[in-house]
Amino acid sequence: MANQTADAVIVGGAVMGSSVACHLAQRDDYSRRIVVVEADPTYEICASARSAASIRQQFSSAINIEISLYGIRFLREIGAALAVDGDQPAIDLHEGGYLFLATPDKLSILEENHKLQQELGADIGFFDAAGLSEKFPWLNTNDLAAGCHGITGEGWFDGYGLMQAFRKKARSLGVDYASGKARVEREVNGGWTVHLPDGSAISTPVVVNCAGASGGAEICRQAGIDVPIVAKKRCVFTFECRDQLERVPLLIDPTGTYVRPEGTGYICGSAPPEDQDPDCTDFDVDYGLFEEHIWPVLANRVPAFEAIKPGAAWAGTYDMNLFDHNAFLGAVPGVDGFYLALGFSGHGLQQSPAVGRGLAELIATGSYQTLDLTPLSIERLAADQPIIEKNVV
């Protein structure tokens, strides 16, 4: 097969890679050839397709809050932003809010987080136990001190639809998509060669690693970088409830177990204990996690959930950053032309609009022009300065 050239090659074509490609192609100052290489063109097992697909501002770090504040604005306007030939995408955004609950021993953390969120402009309400009971009468508040609910700007949406909207827009702007598992190699005189399984190769000055859990760490190793990013399995379970509950948000129990509405029923999940959370090698569902942990927790928190009818379940993967559960973004110092958008640890969908915009700015101009994503640079790894995110879900 004949070799090709491109001005930028993005490895990974799900929501993050397609967002970067779309934003880069939309820039008037970057009329160049962009190629996206996706290992699984069916997108059957990508995180974008298997995620619970939600967005929140209830983080404890300023950069994550600011990323999602832009994200919700983008999602609200997605029809106009990503329209192709008058066809506007729809992602069924539902701003039902997150509801983070705190027991007395975690009250100070909730208060501190809420203060920062308000300072940055997030629309988050703070409720004591009595206020929670009044607002959500189906909720067991006996052991709770308080909770924070996203009044606006938080909720859930069609994650697969968002990915496809970015991809369709990128293709309409001239971005080429290639199929196959890529391998990257540094050229002797600078630049990169991206090898494809059919024997062809693409020479490029810029490689953006958006390969996620399916190969992002391996692409880094090929570039001479070691990152603490592994694939972790997360299971999502569905169920129906006999009783009809009103105004159910995306509820985060103090244990970290979550539940939210989906259609006429609900979806739920929880991270397994660390000693039962091996690197992911399959997509088998751990039904014991639901029966032994998730259902008992939810039935205690929402008594109506004692009588439910379990439904389908599926498993997906996170590209988990073991360093601090936050993404590595931007250029890699000392590795010219190599950029990262990797290690999102479950936040990729909601962060894809701001990250795509930011990396497009960085590649085209050499710096971030709107939101400074420098706090998420990989430089914090060498400096041993993790971003401590207290609201890990």
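No experiment lies behind these values; they were computed from the predicted model shown. These numbers come from the heavy atoms of this one structure, side chains and all, not from hydrogens, waters or symmetry mates.
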Which word best sums up how the rings of W138 and F136 line up, parallel for under 30°, tilted for 30 to 60°, or perpendicular for over 60°?
tilted

I'd like to know if K115 pairs up with E119 as an ion pair, taking the criterion as any Lys NZ or Arg NE/NH1/NH2 lying under 4.0 Å from an Asp or Glu carboxylate oxygen.
yes

Could you check whether D324 pairs with R380 (Lys NZ or Arg NE/NH1/NH2 to Asp/Glu carboxylate O, under 4.0 Å)?
yes

Assign the ring pair F237 / Y287 to parallel, tilted or perpendicular, where the plane angle (0 to 90°) is split at 30° and 60°.
perpendicular

I'd like to know if K168 and D87 make a salt bridge, using a cut-off of under 4.0 Å between side-chain N and carboxylate O.
yes

Looking at T317 and C280, what are the two nearest heavy atoms and their distance?
CG2-SG, 3.5 Å

Would you call K233 and D282 a salt bridge, taking side-chain N to carboxylate O under 4.0 Å as the test?
yes

Should R234 and D277 count as an ion pair when the cut-off is N to O under 4.0 Å?
yes

Test side-chain contact (heavy atoms from CB on, under 4.5 Å) on S48 and Y160 and set out the steps.
CA-CA 6 Å; S48 304; Y160 186 81; 5.9 Å; no

Kindly check if the number of other-residue, nucleotide or ligand heavy atoms within 6.0 Å of CD (E134) is above 12?
no

Would T370 and E361 count as a side chain to side chain donor-acceptor pair (under 3.5 Å) if you check the C-alpha gap in whole Å, the side-chain angles of each, and the deciding distance to 0.1 Å?
CA-CA 8 Å; T370 48; E361 293 169 351; 2.7 Å; yes

Salt-bridge present (R301, D253; N to O < 4.0 Å)
yes

Looking at Y70, is R357 sitting on its ring face, NZ or CZ under 6.0 Å from the six-membered ring centre and within 45 degrees of the normal?
yes

Taking the six-membered ring of F74, is NZ or CZ of R76 closer than 6.0 Å to its centre and within 45° of its axis?
no

Assess whether atom CG of N189 is packed by more than 12 heavy atoms of other residues, nucleotides or ligands within 6.0 Å.
no

